[in-house]
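Input: a single structure, listed below in structure tokens.
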Number of protein chains: 2
Amino acid sequence: MENIVPHLAKGRKPVEPEKLIRREPVDPATFKRMIRQMGLKVTQQRLAILETLSGGRAHVTAQEVFETVNGKYPEIGFATVYRFLRKMAEQKLVTEVRMGGLPARYELTPRRHHDHLTCTQCGLIVEFENQIIENLQEQVARAHNFRLTHHVLELYGICPRCQAE
Amino acid sequence: MENIVPHLAKGRKPVEPEKLIRREPVDPATFKRMIRQMGLKVTQQRLAILETLSGGRAHVTAQEVFETVNGKYPEIGFATVYRFLRKMAEQKLVTEVRMGGLPARYELTPRRHHDHLTCTQCGLIVEFENQIIENLQEQVARAHNFRLTHHVLELYGICPRCQAE
DNA sequence: TGCTAATTGACAATCGTTCTCATCTCAAAT
DNA sequence: ATTTGAGATGAGAACGATTGTCAATTAGCA
């Protein structure tokens, strides 16, 4: 059956791994600083979670983080992963990316703000920045006397490779 | 505990009812046409759901639709509501509005496309149109050779009334 | 009016996420 | 180094939204 709610097809063929956006690994010492900065205790679990967030694919679900960390620290519970991700999101150290009704994906908050362009066929995520759009959003909020706190801009479409097929 | 995932506070005071966006009721005969147009059978349940979608608050959750319809037709099951809303969303007759991790809200697809500006304190929803933003989105997609299918633009902030408090 | 596929209601199941609580551990103060 | 207590953890139950299952019902054409 078709799923309309999720903007990504369920039985989709996954995007080629080498196309996934990745980020440079972060120095482990930095992690401790980040955790202390949040006023939290430094634990093995939290370091492992940060390591996972930093090393591989940029946009991961809580489940994916759990599974990866679970490989190294089999005793970890998924509640810990969810809890820490939430804490970090509160402090804006990680950013949630929500695509329709699908599980939330998390990324270490990048220095520069960006939005996402997602392929509904293969799940490819392309990041883009557009300051003009940002400005126009501010303008819209001002016009309605809102104080803007954040926004969600997700574009969905078919990537070049999937169009070709 | 703070909830970061939903972009709306859980224990929020609800928006004043008269501020809720409403739409003009639609002629019942139109409903039958809409249902037939989708290649579906006309049933009391479906008419009641459409009536609910059309009459009151513009943006309603599936649960709210269920409860309203349930008042008139106590035998209705919520599966019927979900099923029909999904069918209509597939056919783009209704549009889903997703705000963070909160339950999806549905509205009869309006003639003119618009996006939403939501108050994270009281849940007030303001609709806005901005053709320039739309154009820029198209431009971004083109720049990455994507064929754009749809987008989600939700702005979140504090409405004037909540700022005043 | 009778037939048949579409639709329904009841409720179980699922999925992502959060809560509970007894146990454990980091790190500040000794 | 040891104590100690707030904070963190793991296991699993609970949760809320949504979807699936299936036998019983119904719309609408012949």
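Proteins get letters first, then strands, A, B, ... in listed order; numbering begins at 1 in each. Note that these values count all heavy atoms, side chains included, but never hydrogens, waters or copies made by symmetry.
Residue A:F66 contributes atom CZ, which lies 15 Å from atom P of C:dT18 at whole-angstrom precision. Rounded to whole angstrom, the span from the CD atom of B:Q63 across to the P atom of D:dT18 amounts to 8 Å. Separating the NZ atom of A:K41 from the P atom of D:dG5 is a distance of 12 Å, rounded to the nearest angstrom. Look at CG on B:L102: it is 11 Å from C1' on D:dA17, rounded to the nearest Å. Distance B:E67 CD to D:dA17 P: 10 Å, rounded to the nearest Å. Taking atom CZ of residue B:R46 and atom C1' of nucleotide D:dG28, one finds them 13 Å apart after rounding to whole Å. Protein atom NZ of A:K87 is 11 Å distant from nucleotide atom P of C:dC19, rounded to whole Å. Spacing between atom CG of B:L85 and atom C1' of D:dA17 amounts to 13 Å, rounded to whole angstrom units.
Both A:L40 and B:T61 sit near DNA chain D, but only A:L40 has its closest nucleotide nearer the 5' end.
For DNA chain D, the residues of residues 70-81 of chain A within the heavy-atom distance limit of 4.0 Å (strictly under) are A:E75, A:I76, A:G77, A:A79, A:T80, sorted by number.
Salt-bridge check for B:E127 with B:R23: passed, with a basic side-chain N closer than 4.0 Å to an acidic carboxylate O.
B:Q45 comes within 4.0 angstrom of the backbone, heavy atoms only, and of no base.
Open room surrounds NZ on A:K32; 12 or fewer heavy atoms of other groups in view lie less than 6.0 Å from it.
You won't find any donor-acceptor pair under 3.5 Å spanning the side chain of A:R83 and the base of D:dG7, going by distance alone.
Centroid-to-centroid, the aromatic rings of A:H150 and A:H113 stay 6.0 Å apart or farther.
Taking side-chain N and O atoms only, B:R86 has a distance below 4.0 Å to OP1 or OP2 of D:dG20. In this model, the phosphate group of C:dA6 is not approached by any side-chain N or O of B:T43 to a distance below 4.0 Å at OP1 or OP2. A sub-4.0 Å separation between OP1 or OP2 of D:dT18 and a side-chain N or O of B:Y82 is present.
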Handout entry: side chain to side chain contact (heavy atoms under 4.5 Å, CB included) between A:H151 and A:D115, worked out
Key = CA-CA 10 Å; A:H151 71 259; A:D115 294 303; 3.2 Å; yes
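For residues 33-68 of chain B, every residue pair satisfying the ring pair (Phe, Tyr, Trp, His ring centres under 6.0 Å) rule, not counting sequence neighbours, is listed here: B:H59-B:H116, B:F66-B:F78.
A side-chain donor-acceptor contact under 3.5 Å links B:N135 and B:Q131.
Side-chain N or O atoms of B:T52 include none that pairs as donor or acceptor with a backbone N or O of B:V65 at under 3.5 Å.
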